[in-house]
Every structure is written in C-alpha cells, then in structure tokens.
Chemist: 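Before we start, here is the structure in question, set down as structure tokens.
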Amino acid sequence: MLKQANRLTKRKEFGYIYKHGKYSYNNVLTMIYVPTKLKSCRIGFSINKKTGKANVRNKLKRQLRDIVRKNMGSINPSYNYVFVTKPEIVNLSYNQIKDAVVDVISKAKLFV
RNA sequence: UUAGAUAUUUAUGUGGUCGCAUGAAUAUCAUGAGGAAAGUCCGAGCACCACAGAGCAAGGGUACCAGAUAACGUCUGGCUAGGGUGACCUAAGGUAAAGUGCAACAGAAAUAAACCGCUUUAGUUUACUAGAGUAAGGGUGAAAGUGUGAGGUAAGAGCUCACAAACUUGUUAGGUAACUAACAUUUGCUGUAAACACUACUCGGUGCAAGAUAAGAAAAACAUUUAAAAGUUGCUCGCUUCGUUUUUCGAUACAUCGCUUGAACACGCUAGCAAUACCGUGUCUAGAUAGAUGACCACUUAAUACAGAACUCGGCUUAUUUAAUAUCUAACUAA
RNA sequence: GCGGGGGUGGCUCAGCGGUAGAGCGUCGCCUUGCCAAGGCGAAUGUCGCGGGUUCAAAUCCCGUCCUCCGCU
C-alpha cells in the first residue's frame, strides 16, 4: 500500500487523466501520465473485470503497488500516473510484472 | 482383501526485513478475510414511508404428520411412495367423485367405442347385401377400464358365483398424529393441477446507494385556502407534508454518524431419539471507502484447491485441496 | 450493493407441450459470351449446460454458466 499522499483516489481525477494524459504501453500494461503541480506524484491502478475474479484482481493490485513503492525513488515526481492492466497479465509472475512496469516507465523516459 | 454407505474433522505453522489499515497508554505495542466471505434463492433484525392502517380488486408464496426455531420455502424425528442385493438414498408428497382445457401420430374408438371378427333375422343365393345383438379374440398406442377359473348364452358380457387386486364408507385394535392391521360393506370410476382451477394457511412497500446531521440565495411559470399538489405500488377511504414545479448559483456532502456487544463465540452440566433449549463460567475477536493482508528470505507441514468482509444475523444452493477418524453394508478368502 | 432481460443453423429472429422453422448467407444445377439479378434444388441444430414433472420438454419447474441493461 502506498502512503496517503501518493494515492490517486477521486473519480474526477481518473477522468481527467484519461482525457488529457499521454500513453505508454506494452503487451501487458498501459501507463497514462499527466503533469501535476503538486510536489509528490500520485498513482492509481485500474484493473478490468475481465481480468479475473475479485481475489485475482486484488492480488494483482497489491503486487503492482508493491513494485511501484519499491521504485518510488526513481520515478519522476512531477506527474500523475494511472496503470491499466490487460487480461494477459494474469499468467505472469511477480518478477515478470516488475519487468513490464520498468519497461513501460522507461519507454516514457520518466526515470530520474 | 476388494467395492461401497453414512457422519465428522482439517483449510499449514514459526521467525526475520520492507510496506498498509484500525485502536491505544503513540520513538512503540496490539489486532487485522471465509467455509463457503460467492450466488442473492428464502427468512429475520434495523431504517424510512402514519402507529404499518381498513375495505375491494388483482397478484405472489407454501402444501403428508408431529416437533424445533426469533422466523423460514430451513432443520429433526416419523408416515407413505419410489430406487438399491445391502448399509442407505430420493420426493413441490393436498383436491381429478365441483367445473374447464389438453392427450400429437397411430387406431374403429381417447371417454365413451362396432373396423375386422362372432351370433342371428330377412333378402337373394352359396357367397354377398341390409338390419339387430355382442366388448370373448385381433391389430394401434404412453394409456383401451380389473385378473384367473366356473356357470350362463343364439353368440357374448361382473350377467351371476368363487378366489385375488384396487377403491368408498364404517367398526374394532395400535399410534399424539400422518398412518397401519383385521373385519364388514359399496363401486366399476383414463391420465394430467411442475395446465387453468378449487381448498387451507400466508404475504404492505423500499433497501445502509435505507436513513440522520447540514445553509441557503436568486429567477420564471402555475395556483390562491370549503382548495390544489405531492407521498402512501391499482381503486375507495383514512393519514401525512405545507404553496407546487423548473432553472441557475453556493457549500472539497466523494464529509461525519449509521459501523459493529451480537437471536455473538468457546467450554461444561442437565433435559430430549434428535433438531434444540435452560443454566453456569470465560472472552471481546476486521470495520475499509479507488476500498486495508502484499513482496522477499529461512525452516516446517499431508495441506497445492475453491476463493477476498462492504449494515448484521439464521438457513439453502453452488465451487473446492490434502490428510485423517468412527460406525455400518455386500462379495470373496482364511482361522 | 440492489434489480431486470436474453442464450434456437454462419448472422438476424419466429416458435412456447407432440414436426425444429423464416429471411439473409453457403453449396450444386439452370439462365448468360462472362458477372450480377432471377429460377430450381440441397446441406447446415446435443434449441447454453445439468437434473426433475409428463406417455412426450426448445417449450413447464429447480439449479448452474455466459452475456446485456438499469439504479449509482
């Protein structure tokens, strides 16, 4: 779980990012990002219902959060992010998901 | 030994590092998903609508008996019917003699019947025609109205009789009852109500996105107190609200409360065949709101499956891993 | 969280106790110099799945899976 300050919570904010964001993706993940005026970046996760049942989706979300939290220091803090998964992610292990996340972020050139 | 039946338990554990939620005595400590949390199929609590109300109409649900329960369409024990060699399992299991509907195809006929056949009369004639009687035999069908034997007859027929099966009513015995057994008696009745229906009992609606706290301002249209409008699921009453409707602006209400002590859980005793109940002792055991349990390492286990609380309980249904226990049945073998 | 609808040939839909049907598409033949249109004929279905009621179930009842929609 991320700290309160780094969570993206409100529905309007998600809507804003979907409308105005830039996209970066691979075959498993899509990352949408938008510049922010706040000092710390905020991150949200969105997992489609087709991905699996409730316990599968919860576990994915937790693993994604953990990955993002561990890499917090290397992510550009002047953006807001939303990570959207695709159904194929179900079969991947923790380490494979980690690689995918790093791949998506580096494609957008947002590493500090 | 093999193949089964029933009931029950189990849902890995410990430590370390990083991280999250809640609470507290706040450099820290404690606690933190399930047996189904699921499906939402029933029953309740709780909240609002009048205190949940009256009548009519319409509609839904349930349906052997007794008991249990806050309640139930649930559970327990029994009855009956069906299945299984058996342990045992399954059942929406009232009324078809109140009425209506349906029963394709086949068949003479489907709820009342004469196609073939059998008998007889008349006519012609030696095989046909017409009439009458006849449900024993034939073939059709899921289903043809009881079966066997004897008497009886022109031929036949419950037409009569005996035995057997079913059914109606009654008496006696057993059982709280459903029902069972015996005896007497009546009848000859198709099936279907998981078709409409009838009978008995029963059901008000909306669901925590309920509901409470809170702040209002402006404009337009309509109406003007014996009212009108809105709510109360159709109508009539009764009741409640107090101008009604629309638009714009404002308020981080995407807030706080509801929210977890409860028909609670654990253990024990007594009553009961059991479901369950009384009593005693002890415990406090998730409460989030983009929504808390994850990652890595070590050892360990039979435990790898199905799967994630969202107001709360009681059931039902469905999904599912591993290991184990007890009782019982059948067959075979040995003593 | 609460509630409602739908699963029938390749596609769009009828049928709602007794036989599985229509249109479009597909295939073959005819027509044409060739194609289209037209004509004739044919194939294609565990009626989502599993049980039950019934003589008989796509249809009635129960359970289950998938899918769409509404409240928000």
Side-chain angles (χ1 to χ4, degrees):
Chain A
M1 198 65 190
L2 302 172
K3 285 181 182 169
Q4 287 277 6
N6 293 331
R7 289 187 212 165
L8 198 60
T9 56
K10 304 203 171 164
R11 197 181 172 76
K12 278 182 189 170
E13 296 170 342
F14 274 83
Y16 180 84
I17 291 170
Y18 287 140
K19 256 190 179 176
H20 303 284
K22 294 182 177 176
Y23 288 72
S24 160
Y25 58 89
N26 58 22
N27 57 345
V28 151
L29 266 180
T30 304
M31 186 177 74
I32 313 171
Y33 54 98
V34 145
T36 180
K37 291 173 184 173
L38 295 175
K39 286 178 182 174
S40 58
C41 68
R42 295 191 298 165
I43 300 170
F45 302 93
S46 173
I47 296 173
N48 195 298
K49 236 183 177 179
K50 284 179 184 172
T51 309
K53 299 205 173 187
N55 65 328
V56 175
R57 282 182 274 136
N58 269 341
K59 184 161 188 179
L60 265 176
K61 216 189 280 181
R62 289 193 198 113
Q63 289 179 336
L64 279 172
R65 275 202 214 105
D66 191 66
I67 291 161
V68 170
R69 184 180 61 77
K70 283 182 175 166
N71 294 305
M72 207 64 183
S74 55
I75 296 176
N76 192 331
S78 55
Y79 283 85
N80 281 347
Y81 304 87
V82 172
F83 289 91
V84 181
T85 62
K86 302 183 182 179
E88 291 79 26
I89 203 171
V90 176
N91 301 321
L92 302 190
S93 68
Y94 178 81
N95 283 325
Q96 286 170 310
I97 295 172
K98 190 176 177 181
D99 293 342
V101 170
V102 171
D103 176 51
V104 163
I105 295 175
S106 59
K107 269 183 184 169
K109 297 177 185 173
L110 288 172
F111 275 119
V112 176

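Source: prediction; values computed, not measured. Letters go in sequence order (proteins before strands), and every chain restarts at 1.
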Chemist: Is the side chain of A:Gln63 donor-acceptor paired with the backbone N or O of A:Leu60 at a distance under 3.5 Å, no angle test?
Modeler: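 Checked: no pair found.
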Chemist: Once rounded to the nearest 0.5 Å, what's the spacing between atom CD1 of A:Ile105 and atom CE of A:Met31?
Modeler: 5.5 Å
Chemist: Using atom CG of A:Leu64 as one end and atom C1' of B:C20 as the other, report the distance to the nearest whole Å.
Modeler: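 Answer to the nearest Å: 16 Å.
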Chemist: With a cut-off of less than 4.0 Å, is there a side-chain N or O of A:Arg65 near OP1 or OP2 of B:A292?
Modeler: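 Result: yes.
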Chemist: If we call it a pair only when both distances are under 3.5 Å in a Watson-Crick or G-U wobble match, what pairs with B:U206?
Modeler: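 The answer is B:A47, by the H-bond criterion.
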Chemist: Watson-Crick or G-U wobble partner for B:G152, using a 3.5 Å limit on both distances?
Modeler: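 Its partner: none found.
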Chemist: Can you tell me the pairing partner of B:U232 across any strand shown, Watson-Crick or G-U wobble, with both distances under 3.5 angstrom?
Modeler: B:G238
Chemist: I'd like the C1' distance from B:U185 over to B:U85, given in whole Å.
Modeler: 42 Å
Chemist: Hey, is C:U46 sitting syn or anti, using the within-90° cutoff around 0?
Modeler: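 Here the answer is syn: the torsion falls within 90° of 0.
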Chemist: Tell me the partner of B:U125, counting only Watson-Crick (N1-N3 plus N6-O4 or O6-N4) or G-U wobble (N1-O2 and O6-N3) with both under 3.5 Å; none if nothing fits.
Modeler: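 Check on B:U125: unpaired, no WC or wobble geometry under 3.5 Å.
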Chemist: Rounded to the nearest 0.5 Å, what separation is found between the OG atom of A:Ser24 and the CG atom of A:Asp103?
Modeler: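 Rounded to the nearest 0.5 Å, the OG-CG separation comes out at 7.5 Å.
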Chemist: Can you tell me how far P in B:G45 sits from the matching atom in B:G204, rounded to whole Å?
Modeler: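 Taking atom P in both B:G45 and B:G204, they lie 11 Å apart.
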Chemist: Are A:Tyr81 and A:Val104 packed together at the side-chain level, in the sense that at least one heavy-atom pair is separated by less than 4.5 angstrom?
Modeler: no
Chemist: Say you pick atom C1' in B:A310 and the same atom in B:U317; how far apart are they, in whole Å?
Modeler: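 Result for the C1' pair: 23 Å, nearest Å.
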Chemist: To the nearest angstrom, how far is A:Asn95 atom CG from B:C296 atom P?
Modeler: 7 Å
Chemist: When you measure from the side-chain N and O atoms of A:Gln63 to the phosphate of B:A295, is any distance below 4.0 Å, counting only OP1 and OP2?
Modeler: yes
Chemist: Rounded to the nearest 0.5 Å, how far does CD1 of A:Ile67 lie from CG of A:Asn95?
Modeler: 8.5 Å
Chemist: Which value, rounded to the nearest 0.5 Å, describes the distance between A:Asn80 atom CG and A:Tyr33 atom OH?
Modeler: 13.5 Å
Chemist: Given that both distances must come in under 3.5 Å, which nucleotide forms a Watson-Crick or G-U wobble pair with B:A3?
Modeler: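 In the structure as shown, B:A3 has B:U329 as its Watson-Crick or wobble partner.
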Chemist: Quick check on RNA chain B: between A:Lys61 and A:Val56, whose nearest nucleotide comes earlier from the 5' end?
Modeler: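 Its nearest nucleotide being more 5', the pick is A:Lys61.
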Chemist: Give one of base, sugar-phosphate or nothing for A:Lys59, where a contact means two heavy atoms less than 4.0 Å apart.
Modeler: sugar-phosphate
Chemist: So, is B:G35 syn or anti if syn means the angle is within 90° of 0?
Modeler: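 For B:G35, whose glycosidic angle is within 90° of 0, the conformation is syn.
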Chemist: Taking a pair as Watson-Crick or G-U wobble with both distances under 3.5 Å, which nucleotide is matched to B:U169?
Modeler: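 Because both required distances fall under 3.5 Å, B:U169 counts as paired with B:A184.
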Chemist: Measuring from atom CG of A:Leu64 to atom NZ of A:Lys59, what distance do you get when rounded to the nearest 0.5 angstrom?
Modeler: 12.5 Å
Chemist: For B:U10, which nucleotide is its Watson-Crick or G-U wobble mate, given both distances must be under 3.5 Å?
Modeler: none
Chemist: Using atom C1' of each nucleotide, how far apart are B:C196 and B:G34 to the nearest Å?
Modeler: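 Nearest-Å result for B:C196 against B:G34 at atom C1': 47 Å.
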Chemist: Given atom CD1 of A:Ile67 and atom C1' of B:C296, what is their separation to the nearest angstrom?
Modeler: 13 Å
Chemist: If I pick the C1' atom on B:A193 and the same atom on B:G138, what distance separates them, to the nearest angstrom?
Modeler: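 It works out to 37 Å between them.
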Chemist: Separation of A:Arg69 atom CZ from B:G19 atom C1', in whole Å?
Modeler: 4 Å
Chemist: As a test of the definition: with a 90° window around 0 for syn, would you call B:G158 syn or anti?
Modeler: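 This nucleotide is in syn.
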Chemist: Taking a pair as Watson-Crick or G-U wobble with both distances under 3.5 Å, which nucleotide is matched to B:C267?
Modeler: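 Result: B:G280.
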Chemist: Same cluster for A:Tyr94 and A:Val28 if Ile/Leu/Val/Met/Phe/Trp/Tyr side chains link at under 4.5 Å?
Modeler: yes
Chemist: Please state whether the phosphate of B:G308, meaning OP1 or OP2, lies under 4.0 angstrom from any side-chain nitrogen or oxygen of A:Asn55.
Modeler: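 It does, given that an N or O in the side chain of A:Asn55 lies less than 4.0 Å from OP1 or OP2 of B:G308.
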Chemist: Taking atom C1' in both B:C46 and B:G314, what distance in whole Å separates the two?
Modeler: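 The same atom, C1', in both gives a distance of 16 Å.
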Chemist: Looking at NZ of A:Lys109 and CG of A:Asn76, how far apart are the two atoms once the value is rounded to the nearest 0.5 Å?
Modeler: 14.0 Å
Chemist: Taking only Watson-Crick and G-U wobble pairs with both distances under 3.5 Å, what dot-bracket line describes RNA chain C, where [ ] shows pairs that cross earlier ones and | shows pairs with another strand?
Modeler: (((((((..((((....[..)))).(((((.......))))).....(((((..]....)))))))))))).
Chemist: Do the rings of A:Phe83 and A:Phe45 sit parallel, tilted or perpendicular, given the 30° and 60° boundaries?
Modeler: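 Parallel.
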Chemist: Rounded to the nearest Å, what distance is computed from the CZ atom of residue A:Arg57 to the P atom of nucleotide B:G291?
Modeler: 14 Å
Chemist: Assess the residue pair A:Leu29 and A:Val101 against the criterion (side-chain contact (heavy atoms from CB on, under 4.5 Å)); give the C-alpha distance rounded to whole Å, side-chain angles, the decisive distance to 0.1 Å, and a yes or no.
Modeler: CA-CA 7 Å; A:Leu29 266 180; A:Val101 170; 3.6 Å; yes
Chemist: Could you write out each protein N or O paired with an N or O of nucleotides 32-34 of chain B at a distance under 3.5 Å?
Modeler:
none

Chemist: If the glycosidic angle is within 90 degrees of 0 it's syn, otherwise anti, so just tell me which one B:U185 is.
Modeler: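 Anti conformation here, the glycosidic angle of B:U185 being more than 90° from 0.
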Chemist: For B:U276 and B:A70, measure between their P atoms and round to the nearest Å.
Modeler: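 Approximately 11 Å lies between the P atom of B:U276 and that of B:A70.
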Chemist: Syn or anti for B:U172, given that syn means the glycosidic angle lies within 90° of 0?
Modeler: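 Judged by the O4'-C1' to base torsion, B:U172 sits in anti, the angle falling more than 90° away from 0.
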Chemist: Do A:Ile75 and A:Ile97 sit in one hydrophobic cluster, given that two such residues count as connected whenever their side-chain heavy atoms are within less than 4.5 Å of each other, even indirectly?
Modeler: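 Same cluster: A:Ile75 reaches A:Ile97 through Ile, Leu, Val, Met, Phe, Trp or Tyr contacts under 4.5 Å.
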Chemist: Can you check the distance between B:A212 and B:G16, where both ends of the measurement are the C1' atom (answer in whole Å)?
Modeler: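 Pairwise C1' distance, B:A212 against B:G16, rounds to 49 Å.
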Chemist: Measure from CZ on A:Phe45 to C1' on B:U289 and round the result to the nearest Å.
Modeler: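 About 17 Å, once rounded to whole Å.
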